[in-house]
Each structure stands twice: as C-alpha cells, then as structure tokens.
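Atom set for the values below is all heavy atoms of this structure, side chains included, hydrogens, waters and symmetry mates excluded.
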Amino acid sequence: MHIHPDIAALRGGSPAQRRPAEQMREALNAWQDGDGGQRILRDLEAYGAGEPLADCCQLHALVNDHQQALGFADEWCGALLATVRNAPLAEMPLRYTYSQGLSTVQVCESGGATLSLVAYERQSEGSGNSPMSAVFADRESR
C-alpha cells in the first residue's frame, strides 16, 4: 500500500497535525487584520449590533454591488488559497457545507450577523442539470 508523504507526515505526531491548521488560522488572521477585512468586520459588527445596513457602507456595497462582491470573494479566497497550495491538507477553521453543487462557507460573524459566501458549481451548457437547492435561514438574508 502506498501512503502519500503528506499523510505519512501526519502520522508522525501532533506537531505535524497542528501545522496545517495553524497555517490556515494565520492566513485567516492576516485577511482579518488587512484593510479590506477590517472594514468588512467593522461594518458587520455594527450591523450585528442593530445599525441599518444602509449605514454600513462597505457591507452595503458588498451585498448590493456584483463587482464589489466578486472583488471581495477574490480577495478572501486568494488569502486562503495560498495556504491550501502549500498545505493541501489544511482545513478552513470556518463553518462550511457542500451538497450537490452548492457550497457555503461562513466568512465571519459578529453579534447576530453572519457573512457567508454561497457558490453554485457551473453546469455545462445543455446538461439539463440546474442547481436544485433551497436554503432556509432563521433570520434576514440578502
């Protein structure tokens, strides 16, 4: 039986098992401490504390402007993908789900507010496969 060297290293003990998790946590912290992360987190905190969404400029733009949303997703994913490239067994320390072409990851939360990315897998033209999913939230969703 062939065991990949990355998996064999994990069998070597706790430090090898913790290292990928630490690298992912560091990448996430770097994003949160960066300018873009700080602005979104401040707005999410204000929104979670009851501020109207319209008064949370960065968050409002993020959920209402397609280009802003794409830029945010690119920045956030890019911050974490470099870690996954270097540590392929690293797992995001965030809530996430995947089911039949629908992926959701909770980017951050504050108070009663959460910010999540939701993505549908691209379907080939004429495949007849369109995403069949329903998401039920116990709060306001945008």
Side-chain angles (χ1 to χ4, degrees), residues 3-142:
I3 297 175
H4 192 279
D6 291 342
I7 293 175
L10 293 176
R11 297 173 81 189
S14 297
Q17 294 170 6
R18 284 193 305 266
R19 195 171 9 259
E22 290 168 359
Q23 290 170 326
M24 187 59 78
R25 175 55 64 192
E26 288 170 6
L28 188 57
N29 287 342
W31 173 80
Q32 290 173 341
D33 293 340
D35 192 39
Q38 284 291 312
R39 288 192 310 256
I40 291 295
L41 291 170
R42 274 194 302 270
D43 273 7
L44 189 65
E45 183 176 350
Y47 182 66
E51 286 289 321
L53 182 60
D55 292 347
C56 304
C57 298
Q58 295 296 315
L59 190 58
H60 184 267
L62 180 62
V63 300
N64 286 293
D65 182 295
H66 184 72
Q67 290 304 314
Q68 289 277 347
L70 289 176
F72 171 81
D74 283 347
E75 176 187 329
W76 187 80
C77 290
L80 300 178
L81 284 176
T83 298
V84 172
R85 283 185 198 105
N86 294 326
L89 299 176
E91 186 175 0
M92 286 191 299
L94 303 166
R95 291 182 184 167
Y96 62 91
T97 60
Y98 173 81
S99 177
Q100 298 178 347
L102 175 68
S103 301
T104 303
V105 62
Q106 183 177 310
V107 174
C108 51
E109 66 179 316
S110 182
T114 60
L115 178 62
S116 298
L117 289 177
V118 178
Y120 287 100
E121 284 183 22
R122 187 177 305 239
Q123 302 295 317
S124 61
E125 292 288 328
S127 70
N129 296 331
S130 59
M132 300 290 291
S133 60
V135 178
F136 299 95
D138 60 352
R139 58 185 80 185
E140 179 180 9
S141 241
R142 295 179 183 264

Asks: Using every non-hydrogen atom in the two residues, find where Pro52 and Tyr47 come nearest and quote the distance to one decimal.
Replies: C-CD1, 4.4 Å
Asks: Quick check: closest heavy atoms across Ala27 and Ala79, and the distance to 0.1 Å?
Replies: CB-O, 3.6 Å
Asks: Specify the closest pair of heavy atoms between Ala61 and Gln68, including all atoms of both residues, with the distance to one decimal.
Replies: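 Looking at all heavy atoms of both residues, the closest pair is O-CB, 3.6 Å.
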Asks: Could you state the interatomic distance from OG (Ser116) to CZ (Arg95), rounded to the nearest 0.5 Å?
Replies: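 One gets 9.0 Å once the value is rounded to the nearest 0.5 Å.
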Asks: When rounded to the nearest 0.5 angstrom, what distance separates CD in Glu109 from CG in Leu94?
Replies: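 Here the interatomic distance stands at 9.5 Å.
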Asks: With the side chain counted from C-beta on, respond yes when Glu91 and Pro20 share a heavy-atom pair under 4.5 Å apart, and no when they do not.
Replies: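 No; the side chains remain at least 4.5 Å from each other.
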Asks: What is the distance from atom OG1 of Thr97 to atom CD of Gln106, rounded to the nearest 0.5 Å?
Replies: 10.5 Å
Asks: Hey, which of Val105, Val107, Leu117 is the one that makes side chain to side chain contact (heavy atoms under 4.5 Å, CB included) with Tyr96?
Replies: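 So, applying the side chain to side chain contact (heavy atoms under 4.5 Å, CB included) to Tyr96 and each of Val105, Val107, Leu117, only Val105 qualifies.
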Asks: Answer yes or no: does atom CD of Glu45 have more than 12 heavy-atom neighbours from other residues, nucleotides or ligands under 6.0 Å?
Replies: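 Open: at most 12 neighbouring heavy atoms sit under 6.0 Å from CD of Glu45.
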Asks: For Gly36 versus Glu75, what's the shortest heavy-atom pair and its separation?
Replies: CA-OE2, 3.8 Å
Asks: Would you compute the distance between atom CG of Leu41 and atom CG of Leu115 and round it to the nearest 0.5 angstrom?
Replies: 8.5 Å
Asks: To the nearest 0.5 angstrom, please state how far the OG atom of Ser110 sits from the CD1 atom of Ile40.
Replies: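 Going from the OG atom of Ser110 to the CD1 atom of Ile40 covers 12.5 Å.
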Asks: Look only at the side chain of Asp43 and the backbone of His60, and say whether a donor-acceptor pair between them is shorter than 3.5 Å.
Replies: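 Absent.
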Asks: For a 4.5 angstrom cut-off between non-hydrogen side-chain atoms, does Leu59 reach Arg42?
Replies: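 Of all side-chain heavy-atom pairs linking Arg42 with Leu59, none is under 4.5 Å.
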Asks: For a quick test of reading the model, state the closest non-hydrogen atom pair linking Met92 to Met24 and the distance between them.
Replies: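 Taking Met92 first and Met24 second, the nearest heavy atoms are CA-CG, 3.8 Å.
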Asks: Going by heavy atoms in the side chains, are Leu28 and Trp76 under 4.5 Å from each other?
Replies: yes
Asks: Could you check whether any side-chain heavy atom of Ser103 comes within less than 4.5 Å of a side-chain heavy atom of Val118, counting everything from C-beta outward?
Replies: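 Not in contact.
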Asks: Any chance you could measure Asp35, atom CG, to Gln58, atom CD, to the nearest 0.5 Å?
Replies: 8.5 Å
Asks: With a 4.5 Å heavy-atom cut-off, do Trp31 and Leu80 have their side chains touching?
Replies: no
